[in-house]
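Computed from heavy atoms alone, side chains included, the values below leave out hydrogens, waters and symmetry copies.
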Amino acid sequence: MAFAPRTWVVGEIVTASQLNEEIRDQFNARQVRLVEQMTDITITTNTTPQPTDLAWDVDAGGVYYYWASLSYSATPNSDFRWNWSLPAGSGSSRSIVGFDPANAAAGVGTGGAVLLRRPAPGTQIIIGGKDNNNPPGDFRMGIDQGVITIGATPGTARVQVAQGASHAEQTIFRAQSTVLYQRIG
């Protein structure tokens with residue numbers, strides 16, 4: 001739902017109802033919101049981005065801050081990939097944190113190298129799987145945070161997921177993944 005602040009004009013009579021509605025709408029437009037992945041998405045032999053539940057409507061010209069916590073399980077052969085689908089003409093400035101698959105010999109849950117990146121808008125991010133079991137049961141996490149600026153076309157901001165490398169072993173995007181977002185401009 002698009003929100004545009006009302007422009008008041010000199011001499012206009014403003015009722016209490018109009019003023020209350022305007023104040024409420026401005027307050028609601030700036031609330032921190034949460035979207036959550038409701039079910040696991042299991043992906044095999046596919047690097048084509050799949051839509052997730054992590055989506056919200058965006059207004060033309062809107063600026064949004066977001067913080068995404070993406071939970072996944074993957075093997076060293078399949079890894080995990082994600083990107084944002086945004087309306088045409090939109091852009092982002094983002095930072096990500098993920099895990100490098102280079103330390104797979106250390107074992108499940110023992111950590112590994114941490115990747116800190118500032119990718120270009122639209123870049124698909126690939127982070128590692130560590131679990132040598134199929135289906136993988138080791139829960140890993142990627143963090144993506146930044147600012148999304150919407151162009152002249154309203155639409156939907158959505159996280160998309162896929163395997164990092166096409167493989168018969170499963171990559172699972174986990175249900176507890178979330179995005180907190182707030183319109184800031």
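Listed for the S90 side chain is a donor-acceptor partner under 3.5 Å among the backbone atoms of G151. No donor-acceptor pair closer than 3.5 Å links the side chain of D144 to the backbone N or O of A68. Not a single donor-acceptor pair under 3.5 Å links the side chain of N133 to the backbone N or O of P135. Under the 3.5 Å distance criterion, the side-chain polar atoms of T156 are left unmatched by any main-chain donor or acceptor of R158. Looking only at distances, a side-chain donor or acceptor of R81 sits under 3.5 Å from a matching main-chain atom of Q163.
By the 6.0 Å and 45° rule, R140 does not stack over the aromatic ring of F80.
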Could you walk me through whether T52 and I41 pass the side-chain contact (heavy atoms from CB on, under 4.5 Å) test, one step at a time? CA-CA 8 Å; T52 69; I41 297 174; 4.0 Å; yes
Test log, rule side-chain contact (heavy atoms from CB on, under 4.5 Å), inputs I148 and I150: CA-CA 6 Å; I148 295 172; I150 306 303; 3.5 Å; yes
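For T42, the side chain to side chain contact (heavy atoms under 4.5 Å, CB included) partners at least two apart in sequence or on another chain are Q170, I172. Partners of W84 under the ring pair (Phe, Tyr, Trp, His ring centres under 6.0 Å) rule, at least two apart in sequence or in another chain, are W56, Y66.
In this structure, Y64 OH and S92 OG are separated by 14.5 Å, a value rounded to the nearest 0.5 Å. Atom-to-atom distance recorded for S93:OG and Y65:OH is 11.0 Å, nearest 0.5 angstrom.
Other residues sharing a hydrophobic cluster with V32 under the 4.5 Å side-chain heavy-atom criterion for ILVMFWY residues are L34, L180.
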